[in-house]
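For reference, the structure is listed below as structure tokens.
These figures come from a predicted structure and were not determined experimentally. Chain identifiers are assigned alphabetically (A, B, ...) following the order of the sequence lines, protein sequences preceding nucleic acid strands; residue numbering begins at 1 within each chain.
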Amino acid sequence: SAPPIEVFALNKAYVEDTFPQKVNLGVGAYRTDEGKPWVLPVVRHMEQKLAADETLNKEYLPVLGYEPLASAATRMLLGSDSASLKEGRATGIQCLSGTGALRVGAEFLAHIGKHSIVYSSNPTWGNHSLVFLNAGFTSYRSYRYWDAAKKALDFDGLMEDLRNAPENSVIILHACAHNPTGVDPTQDQWRQIADLIEERRLFPFFDSAYQGFASGDLDRDAWAVRYFDSRGFEMVCAQSFAKNFGLYNERVGNLTFVAKDRSVIEPVRSQITLLVRANYSNPPNHGARIVGTVLNDPVLTEQWKSHIKTMADRIISMRLGLRERLEKLETPGTWNHITDQIGMFSFTGLGPLAVDKLIADHHIYLLKGGRINMCGLNTGNIDYVAKCIHEVVTTTQEASL
Amino acid sequence: MSLISSLKIFSPSSLNTTQNALSVVSSRANSWWSHVEMGPPDPILGVTEAFKRDTNPKKMNLGVGAYRDDNGKPFILPAVKMAEAEIAKKNMDKEYSPISGSPEFCKATINLALGEDNEWTKNGLNATVQGISGTGSLRIGTAFLSAFFPGGKDLYMPTPTWGNHVPLAKHAGLGVKQYRYYDPKTCGFDFHGALQDIAKIPERSMILLHACAHNPTGVDPKPEQWAEMSKVIKEKKLFPFFDMAYQGFASGDIDKDAAPVRMFLKDGHQIALSQSYAKNMGLYGERAGAFSLICSSKEEAAATMSQLKIIIRPMYSNPPVTGARIATEILTNPSLRSQWLKDVKGMADRIISMRQLLRSNLAKEGSSRDWAHITDQIGMFCFTGMTPPQVEKLTKDFSVYLTKDGRISVAGITSKNVEYLAHAIHQVTK
């Protein structure tokens, strides 16, 4: 029997807890201020529209997916000014959400590109290593990222580790809203990272799970990817529509491929076709139609953008609120990292003992590494959470920040 | 990556004209993927593309592996429409499914295969996970077997088998071997050849079996032949992996179509099973299916489940919900379930009647060939026995499109075009 996967075990424990003030700061899904899941109004509208459309059927999608979705998703990522897009050097492939896009991209890079070494940040999303190792990579390594003492990006460590990476290594880069820390490089730091990747002949693989969801602005959240694109990099980017469309369980994603030369696009697509066939034949239809239709309709797109802004703004206000309260309580340590960080997650800096206490004594559920999901906070529980963090920090030795 | 290091010779100081030419060359040579070759074209896709280009109003597409109604149109099952309406009323959320899919879906699915009151589900002996339709379920299963099967890592498949079985199994890390199945002389089941080959398979190997409506031949063993195979497979200590993509769709009777699976369990085999709702519920693009292992104890089933989840998470984390919700709604809502049984029987009956019409029309045309296999075979596909030159002629002269192996999708035949098809087939085979 295998050990339970942490995020799911945590959620199970939360669900089974009967404490009335329990708080779930574990699973990475958006919650409203009432603590409820939110199906975006534009999604509800689309589902009604699709249900009423007699011309639609349930036939198989092409192996590489619903083309209106794939092309719109790639355009959303790279921006309509992208040179690679204009020159036909960029292409999109519908995949099973972000994980599926990572997997297809990783399988292509391993089997066809013959890459064998992959790096991701330390820490990173728990599933990165498993995806790449199962896809055929033989070595998974980390580059330094989180500076626990400073509660910030360990930029020097990052650069040193990338400098020492062997040529041809694939480097996983979080496009924005780094999971789990919430700490993103600055624009200047991205420039330096790009220089180094170019110099050391490394291969950039972006993981973009939060475009729009991080800052509320699609273009702003795509800055790093677009910068690399403008530099002429060949690269791959896994895109998820789970969070920014709230379509978690429909598994809508896209793999964007950018090449130096348009002549490689067709061969690459044909090889990916073979990989997809051997894995799941073709992707699911329903979520693709929702996203594909919205992204290709200016009015619906504007509606969608307002939903993203709603979600991003609520999260930002929770960040402000938590930081404010901890500073007011004079909780030992510094708390500016909560508002410096961006996206769904925050690396609080709380150690394992503090985390255990939060769970056991206060029924506040978060991951062992101190990651909290800001969406789990709302005006109803933010006082309680701040109070409990204060309590565990002041009574736990290791949690000195 | 010697291509890239050789590019150091292209310096910015090159002349303009040569630089333009060089930059085209160098951008391709500078690419990580200039070595990537075009993959082989998909044969079935090729058939459909050629069909689309054909302007003959009498053209027929017999390559497509999806059901069509008597007007040649895709068919959305009434039960599916009703299920969707019920689901819409519930205003469900879009939260992540469990990695293994909803427990309700998994239970309904395995019970569909094994029977509502089956002892295996009742005793918690099954480990069932939702998969991305049949393909995804096979992929999970082959990945599990590749990692955990204690015997030989070759999967024995019937000759012929679904085109995707081989690359899929290899991709999962399994070897692929064959056992005789189709007899081209009779266009039927090579029962003795199959038994002989199965008896020669090394002990503790895995054997893939099409539960019903064999793809691509449409040739299924008879119940007494299944019984014999079960016996030999048990004697040789082989592990049966059933691919059931057509339950209900083959004969119109869900119990009849699942009989071989249930027989094997009764005979004491522990099996693996892949199921698909693509055809029998018309949910093709929604990708609903499941993979199951029938274990010897609850503990084993639990341990197996945990390992299956570990296989799924790095593939796509958790499965798409829409198709699974429709299937669950249909199977657990009594009035929808009985509607569905009618719908699936309707599809099976239409196919069976097209088989009968094709065979009788061939006789009417004056064909002296034995076309009994058209009605002996079952399911979506029919191995006509036509040779590649005959197939070519059928396409060239009559705009009837099918794969080179002489396989036709009976779903592409309608009461309006069956006479034309019979005429065309007779012309190329007389």
| remark: Interface check, chain B: of A:Arg251, A:Glu59, A:Glu107, most non-hydrogen pairs under 4.5 Å belong to A:Arg251
| Mind checking whether B:Ser34 and A:Asp261 have side chains closer than 4.5 Å, heavy atoms only? | no
| Engaged part of A:Leu274 at the chain B interface, taking heavy atoms whose separation is under 4.5 Å | side chain
| query | Taking side chain as C-beta onward, heavy atoms only, is A:Ser281 less than 4.5 Å from B:Asn164? | reply | yes
| task | Could you tell me whether A:Arg269 atom CZ has more than 12 heavy atoms of other residues or ligands within 6.0 Å of it? | result | yes
| remark: Closest non-hydrogen contact found for B:Pro167 with A:Ala278 is O-CB, 4.0 Å
| field | Separation of B:Glu37 CD from A:Gln271 CD (nearest 0.5 Å) | value | 7.5 Å
| note | Cut-off 4.5 Å, heavy atoms of chain A, and the answer for B:Glu286 is both
| task | For the pair B:His35 (side chain) and A:Ile112 (backbone), establish whether a donor and an acceptor sit closer than 3.5 Å, ignoring hydrogens and angles. | result | yes
| task | Measure distances from B:Asn318 to the heavy atoms of chain A and classify the residue's part below 4.5 Å as side chain, backbone, both or neither. | result | both
| said: Quick check: closest heavy atoms across A:Glu250 and B:Pro320, and the distance to 0.1 Å? | reply: O-CB, 4.0 Å
| remark: The interface call for B:Ala66 against chain A, heavy-atom contacts under 4.5 Å, is side chain
| query | With a 4.5 angstrom heavy-atom cut-off, which part of B:Ile87 approaches chain A: side chain, backbone, both or neither? | reply | neither
| Pairwise side-chain contact, B:Arg313 with A:Leu130, heavy-atom cut-off 4.5 Å (strictly under) | no
| Is there side-chain contact between B:Arg325 and A:Asn249, with heavy atoms separated by less than 4.5 Å? | yes
| Between A:Ala288 and chain B, which part of the residue has a heavy atom less than 4.5 Å away: side chain, backbone, both or neither? | neither
| said: Taking every non-hydrogen pair under 4.5 Å, which of A:Val131, A:Asn282, A:Leu61, A:Thr273 racks up the most with chain B? | reply: A:Asn282
| Side chain, backbone, both or neither: which part of A:Pro62 has a non-hydrogen atom closer than 4.5 Å to chain B? | neither
| Which of A:Leu247, A:Asn127, A:Asn57, A:Val43 touches chain B most, by non-hydrogen pairs under 4.5 Å | A:Asn127
| task | Under 4.5 Å heavy-atom distance to chain B, tell me which part of A:Ile272 shows up: side chain, backbone, both or neither. | result | neither
| message | Which residues pass the side chain to side chain contact (heavy atoms under 4.5 Å, CB included) test with B:Lys81, not counting sequence neighbours? | response | B:Ile76
| Is any side-chain heavy atom of A:Thr99 closer than 4.5 Å to a side-chain heavy atom of B:Pro314? | no
| message | What part of A:Val104 gets within 4.5 angstrom of chain B, counting heavy atoms only: side chain, backbone, both, or neither? | response | neither
| With a 4.5 angstrom heavy-atom cut-off, which part of A:Ala259 approaches chain B: side chain, backbone, both or neither? | both
| From B:Asp93 CG over to A:Tyr248 OH, what is the distance, rounded to the nearest 0.5 angstrom? | 10.5 Å
| request: Tell me, for A:Gln48 versus chain B, whether the close heavy atoms (under 4.5 Å) come from the side chain, the backbone, both or neither. | output: neither
| query | Heavy-atom distance under 4.5 Å between the side chains of B:Lys94 and A:Phe245, does that happen here? | reply | no
| said: Return the CD1 to CG distance between B:Ile312 and A:Asn134, rounded to the nearest 0.5 Å. | reply: 12.0 Å
| What class does the angle between the rings of A:Tyr60 and B:Tyr284 fall in, given that below 30° is parallel, 30 to 60° is tilted and above 60° is perpendicular? | perpendicular
| request: Please flag which part of A:His128 lies under 4.5 Å from any non-hydrogen atom of chain B: side chain, backbone, both or neither. | output: neither
| field | Euclidean distance, B:Ile326 CD1 relative to A:His286 NE2, rounded to 0.5 Å | value | 8.0 Å
| said: Less than 4.5 Å to any heavy atom of chain B: does that hold for the side chain of A:Phe108, its backbone, both, or neither? | reply: side chain
| message | Please rank A:Gly287, A:Pro283, A:Gly253 by heavy-atom pairs under 4.5 Å with chain B and give me the top one. | response | A:Pro283
| Below 4.0 angstrom, N of the basic side chain to O of the carboxylate: do A:Arg31 and B:Glu95 qualify? | yes
| Step by step, would you call B:Ile132 with A:Leu96 a side chain to side chain contact (heavy atoms under 4.5 Å, CB included)? | CA-CA 10 Å; B:Ile132 310 293; A:Leu96 296 158; 4.1 Å; yes
| How many angstroms lie between atom CG of B:Asn91 and atom CZ of A:Arg44, to the nearest 0.5 angstrom? | 4.0 Å
| task | Check whether A:Val276 gets within reach of chain B through its side chain, its backbone, both or neither, counting any heavy atom under 4.5 Å. | result | neither
| task | Go through the atoms of B:Met305 and report whether side chain, backbone, both or neither lie under 4.5 Å from a heavy atom of chain A. | result | neither
| field | A:Asn285 side chain to B:Arg287 side chain, donor-acceptor N/O pair below 3.5 angstrom | value | no
| Contact residues of residues 98-105 of chain B (partner chain A; heavy-atom separation under 4.5 angstrom) | B:Ile99
| field | Side chain, backbone, both or neither of B:Ser133 within contact of chain A (heavy atoms, under 4.5 Å) | value | neither
| Which of B:Gly323, B:Ala88, B:Ser97, B:Pro319 touches chain A most, by non-hydrogen pairs under 4.5 Å | B:Pro319
| With only heavy atoms counted, which part of B:Val166 is less than 4.5 Å from chain A, the side chain, the backbone, both or neither? | neither
| Parallel, tilted or perpendicular: ring planes of A:Phe257 versus B:Trp33, cut at 30 and 60 degrees | tilted
| task | Could you check if a side-chain atom of B:His171 sits within less than 4.5 angstrom of a side-chain atom of A:Asn279, using non-hydrogen atoms only? | result | yes
| remark: Rounded to the nearest 0.5 Å, the CH2 atom of B:Trp32 sits from the CG atom of A:Leu109 at a distance of 9.5 Å
| query | Would you say the side chain of A:Lys58 lies within less than 4.5 Å of the side chain of B:Phe75, judging by non-hydrogen atoms? | reply | no
| request: Please state whether the side chain, the backbone, both or neither of A:Val39 comes within less than 4.5 Å of a heavy atom of chain B. | output: side chain
